[in-house]
2 protein chains.
Amino acid sequence: MPAISKREQIITEALRLFYQNGFNATGVDRIITEAGVSKKTLYNHFRSKDELVLATLRKRDELFRNNLMRETERLASTPRERLLAVFDVVGAWFQEKGFSGCMFINAAAEFSDTADPCRILSAEHKRLVCDYIRGLAEQAGAKDPDELSKQLNLLIEGAIVCAYVGADEAAAERAKSMAMVFLSQAFC
Amino acid sequence: MPAISKREQIITEALRLFYQNGFNATGVDRIITEAGVSKKTLYNHFRSKDELVLATLRKRDELFRNNLMRETERLASTPRERLLAVFDVVGAWFQEKGFSGCMFINAAAEFSDTADPCRILSAEHKRLVCDYIRGLAEQAGAKDPDELSKQLNLLIEGAIVCAYVGADEAAAERAKSMAMVFLSQAFC
DNA sequence: ATAAAGGTACACCGATCGGTTTATCTTGTC
DNA sequence: GACAAGATAAACCGATCGGTGTACCTTTAT
């Protein structure tokens, strides 16, 4: 049993390639070459490319939300401050070298069938991020934590699109200042 | 010369297919079959599939913004009311049968190279929509029309993602009520 | 020592990809 | 009636797609 399993190697490399170059544009031959495994090994761990795509999206969800929570809690100590710190975390994400937008928005763009497992997982990811924010809003004692979390979530999505498609460097900062308005609203 | 040129037939059908099923997932064979033209004819009008993709995006930008402006101006008569009516127009768009998100966000998801003509055109489209809103803000006499337009634009992008990826039916309505806050702010 | 598990390399499969070629047919215009 | 323009269907191209089969090689547990 190797230190990192073949399965993890494949997922890690597929994640990078799918995120950077898209799902349909990335062939399995490219994945096995860059992961340094044989095709047989890939199909030994995953029934099909579709299943591999799903596995990478699950991994991405895990990594993304863990990082979001860790960084948010590192940057601020009170729940209310953390509701704003979220925007600093996504702002730092936008500045990352390989930033290619939100992988789940990208997945929704490529998999047009609403019933596709990838689409269901993407919607689930968005729900989980929103859930985290709602948790912070509850801890902060917001009047309507559910509504506040949905408002802040909408601002985050907007910032992602403005930053990625519109190449707007100020998107995260703008979303943050917009969030302040709803934050002060939510605490009278 | 036919009533509708072959070129327009191809663009119309390609637009539908690219929007519904994605760019990489739609082959030229499918396009010519559904457009009812020969492959020779397609390549007589377009040098490559890439060029056809660009032509469909240009068409989409034209159709989308024309519809946005027409409907916005139909729904409200004063510039300030129109700044809000924009959200009703996008809300109606979300309800359309074939709604598949924003074609330019989808294009940005599939074409990862920032220098790709499709990416440049997508950024341009977003800029032009924002420009229209800024024009309304100027007419309405907003204090800072540029900032207001960027705020409202961010809300629109957020609503699109929440509606498409998150399947949030209330996204447009929420974005509209959020917009009201910044509108009242912009007029002291 | 050996057998099972899991790895590798590589040939191979039919289907589809974007794109070209050829040969034929229709359609105005002069 | 002749001719050029532009259309058609269909064969064809090499490359790549997702996925399988075969034969060999390591590792590890019994």
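Quick note on labels: first sequence line is chain A, next is B, and so on, each numbered from 1. The basis for the numbers below is simple: all heavy atoms, side chains too, and nothing from hydrogens, waters or symmetry mates. Fair warning: this is a prediction, and the values are worked out from it, not measured in the lab.
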Problem set entry | A:Lys49, nearest nucleotide to its side chain (from D:dA7, D:dT22, D:dG18) | D:dG18

Seminar exercise, completed: The salt bridge (charged side-chain N to carboxylate O under 4.0 Å, His left out) partners of A:Arg58 (sequence neighbours excluded) come to none

Exercise. Would you say the side-chain atoms of A:Glu81 and A:Thr78 include a donor-acceptor pair closer than 3.5 Å?
Worked result: yes

Exercise. What's the CG-P distance between B:Leu42 and C:dT21, to the nearest Å?
Worked result: 16 Å

Problem set entry | Protein-nucleotide distance (B:Ile10, atom CD1; D:dT8, atom C1'), rounded to Å | 13 Å

Problem set entry | Polar side chain donor-acceptor pair, A:Arg82 to A:Tyr132, under 3.5 angstrom | no

Exercise. Of the nucleotides C:dG6, D:dG6, D:dT8, which has the atom closest to the A:Asn44 side chain?
Worked result: C:dG6

Exercise. Looking only at side-chain N and O atoms, does B:Thr41 come under 4.0 Å of OP1 or OP2 in D:dT8?
Worked result: yes

Exercise. Taking only side-chain nitrogens and oxygens of B:Ser48, does any of them come within less than 4.0 Å of OP1 or OP2 of C:dG18?
Worked result: no

Exercise. So how far is it from A:Leu15 CG to A:Met103 CE, rounded to the nearest 0.5 Å?
Worked result: 5.0 Å

For this session: Measure from NZ on A:Lys40 to C1' on C:dA5 and round the result to the nearest Å.
Result: 12 Å

Problem set entry | No-H, no-angle donor-acceptor pair, B:Lys39 side chain to C:dG19 base, under 3.5 Å | yes

Exercise. Reckon A:His45 has a side-chain N or O less than 4.0 Å from the OP1 or OP2 of C:dG7?
Worked result: yes

Problem set entry | d(CD, A:Glu8; P, C:dG7) in whole Å | 13 Å

Problem set entry | Ring-ring centroid check B:Phe182 A:Phe182, cutoff 6.0 Å | yes

Problem set entry | Under-4.0 Å side-chain N/O to phosphate OP1/OP2 contact, B:Lys6 with D:dT8 | yes

Problem set entry | Step-by-step ring-ring contact (aromatic ring centres under 6.0 Å, His included) determination, B:Phe111 to B:Phe23 | CA-CA 9 Å; B:Phe111 303 102; B:Phe23 300 93; 5.4 Å; yes

For this session: Starting at atom CZ of A:Arg7, determine the distance to atom P of C:dA5, rounded to an integer number of angstrom.
Result: 19 Å

For this session: Calculate the interatomic distance between A:Ile32 atom CD1 and D:dT20 atom P; express it in whole Å.
Result: 14 Å

Exercise. From the list C:dT20, D:dA7, D:dG21, which nucleotide is the closest neighbour of the side chain of B:Tyr43?
Worked result: C:dT20

Exercise. What parts of residues 18-31 of chain A reach DNA chain C, counting only heavy atoms under 4.0 Å away?
Worked result: none

For this session: Please name all residues satisfying side-chain hydrogen bond (donor to acceptor under 3.5 Å, both in side chains) with B:Asn153, sequence neighbours left out, ordered by chain then number.
Result: none

